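The structure appears below as structure tokens.
All values derive from a computational prediction rather than experimental measurement.
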Amino acid sequence: ELVEFHDHALMVALAICSLVLYLLTLMLAEKLSSNTVDAQEVELIWTILPAIVLILLALPSLQILYMMDEIDEPDLTLKAIGHQWYWAYEYTDFKDLTFDSYMIPTTELPSGHFRLLEVDHRIVIPMESPIRIIITANDVLHSWAVPSLGVKTDAIPGRLNQTSFITTRPGVFYGQCSEICGANHSYMPIVVESTPLTHFEHWSTLLSS
């Protein structure tokens, strides 16, 4: 749905740019009369067209927001807690499955990994499964954001926010804290690893044992 809305917004932007380019070309090629420039019909069109464009963008956007907010029987619930300056995670469906996730320093980064984005403990989730994530903070405001998953939710001390997502393919998805939570807020990366269910079960067994 997010990809389709992205394509929809691009087509609207393309239509607007094409119309503006056509009008600019028309103004350069032909001399418009004062009656045309001051016509009330033209002013009416310029007023109505932006409203129609906003409606075309707002309705699909609101639909996706409500779809993402609706959480119906998730297969896995994950709790993310923001600290200065690292993330702590709890798999609430498992016993004693908790860990802290710190950014790997550049001097210790393995070859081929992304600088300032790789962590020592990734979040591992099963693919093609509804995931609910509960987000909070322990000290100051943080924001749990993974753009490639379409997720961005504020972490507020004393409050629980929640969102959900589904990964349709295996892979590694990177994000960062997008709230200016302090001097080292840019050193709070988020790494989500989507794996088949059998790999996730094996990982969870090893980590909890």
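- Considering all non-hydrogen atoms of both residues, Gly150 and Leu2 come closest at CA-CD1, 3.6 Å.
- Under the 4.5 Å side-chain heavy-atom criterion for Ile, Leu, Val, Met, Phe, Trp and Tyr, Ile131 and Ile190 are members of the same hydrophobic cluster.
- Residue Pro126 comes nearest to Thr167 through the heavy atom pair O-OG1, 4.0 Å, listed as atom of the first residue, atom of the second, then distance.
- Between Leu49 atom CG and Leu44 atom CG the span is 9.5 Å, to the nearest 0.5 Å.
- Of the possible polar contacts, one joining the Ser194 side chain to the Arg169 backbone as a donor-acceptor pair under 3.5 Å is found.
- Taking both residues in full, the closest heavy atoms of Ile64 and Glu1 are given as CD1-O, 3.4 Å, listed atom of the first, atom of the second, then distance.
- Atom-to-atom distance recorded for Ile104:CD1 and Asp120:CG is 6.0 Å, nearest 0.5 angstrom.
- The aromatic rings of Phe99 and Tyr91 sit tilted, their planes meeting at an angle between 30° and 60°.
- With a 6.0 Å radius and a threshold of 12 heavy atoms from other residues, nucleotides or ligands, Ile180 has its CD1 atom at or below the threshold.
- At a threshold of 4.5 Å between non-hydrogen side-chain atoms, the residues His202 and Thr198 do not count as touching.
- Using a 4.5 Å heavy-atom threshold, the side chains of Asp154 and Glu179 count as touching.
- Using a 4.5 Å heavy-atom cutoff, the side chains of Cys177 and Trp85 are not in contact.
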List, one per line, each side-chain donor-acceptor pair under 3.5 Å for residues 6-26, sequence neighbours excluded.
from: His8; atom 1: NE2; to: Leu56; atom 2: O; distance (Å): 2.9
from: Ser18; atom 1: OG; to: Leu14; atom 2: O; distance (Å): 2.8
from: Thr25; atom 1: OG1; to: Leu21; atom 2: O; distance (Å): 2.8

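- Residues Leu97 and Trp87 are members of one and the same hydrophobic cluster, defined by side-chain heavy-atom contacts under 4.5 angstrom among Ile, Leu, Val, Met, Phe, Trp and Tyr.
- Judged by distance alone, the side chains of Ser164 and Arg132 never bring a donor and an acceptor atom under 3.5 Å apart.
- Considering every non-hydrogen atom in both Ala137 and Ala155, the closest pair reads CB-O, 3.5 Å.
- A continuous path of Ile, Leu, Val, Met, Phe, Trp and Tyr side chains, each step under 4.5 Å between heavy atoms, connects Phe114 with Val119, placing both in one hydrophobic cluster.
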Could you go through Val146 and Tyr174, starting from their C-alpha distance and side-chain angles, then the distance that decides it, and tell me whether this counts as side-chain contact (heavy atoms from CB on, under 4.5 Å)? CA-CA 6 Å; Val146 183; Tyr174 293 91; over 6 Å; no
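- By the ring pair (Phe, Tyr, Trp, His ring centres under 6.0 Å) test, Tyr187 pairs with no residue at all, sequence neighbours left out.
- The side-chain heavy atoms of Val192 and Ile125, taken from C-beta on, include a pair separated by under 4.5 Å.
- Here Glu108 contributes atom CD and Thr106 contributes atom OG1; the two are 9.5 Å apart, rounded to the nearest 0.5 Å.
- Here the closest non-hydrogen pair linking Trp203 and Arg122 is CZ2-O, 4.2 Å.
- Looking at heavy atoms from C-beta onward, Phe200 lies in side-chain contact with Leu76 at the 4.5 angstrom threshold.
- Using a 3.5 Å distance cut-off with no hydrogens or angles, the side chains of Thr153 and Asn161 do not pair a donor with an acceptor.
- Ser61 places no side-chain N or O within donor-acceptor distance of the main-chain N or O of Leu57, the cut-off being under 3.5 Å.
- Of all heavy-atom pairs spanning Cys181 and Val140, the tightest one is O-CG2, 3.4 Å.
- Here the side chains of Ile81 and Tyr89 are not in contact, with every heavy-atom distance at 4.5 Å or above.
- The closest side-chain heavy-atom distance from Ser101 to Tyr86 is not below 4.5 Å.
- Between the CD atom in Gln176 and the NZ atom in Lys152 there is a gap of 12.5 Å [rounded to 0.5 Å].
- Of the possible donor and acceptor atoms, none in the side chain of Asp139 sits under 3.5 Å from a partner among the backbone N and O of His83.
- At a threshold of 4.5 Å between side-chain heavy atoms, the hydrophobic network of Ile, Leu, Val, Met, Phe, Trp and Tyr places Val191 and Leu117 in one connected group.
- For the atom pair Gln162 CD and Ile134 CD1, the distance stands at 6.0 Å (nearest 0.5 Å).
- At least one side-chain heavy atom of Lys79 sits under 4.5 Å from a side-chain heavy atom of Thr136.
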Criterion side-chain contact (heavy atoms from CB on, under 4.5 Å) on Thr92 and Leu78, from CA distance to verdict: CA-CA 6 Å; Thr92 58; Leu78 178 66; over 6 Å; no
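- Residue Ile135 holds its CD1 atom at 4.5 Å from CD1 of Ile133, rounded to the nearest 0.5 Å.
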Could you walk me through whether His142 and Met188 satisfy the side-chain contact (heavy atoms from CB on, under 4.5 Å) test, starting with their C-alpha distance in whole Å, then the side-chain angles of each, then the deciding distance to 0.1 Å, before giving a yes or no? CA-CA 9 Å; His142 299 280; Met188 292 181 61; 3.5 Å; yes
Audit row: Thr195, Glu193, side-chain contact (heavy atoms from CB on, under 4.5 Å) steps and yes/no: CA-CA 6 Å; Thr195 64; Glu193 184 175 349; 3.8 Å; yes
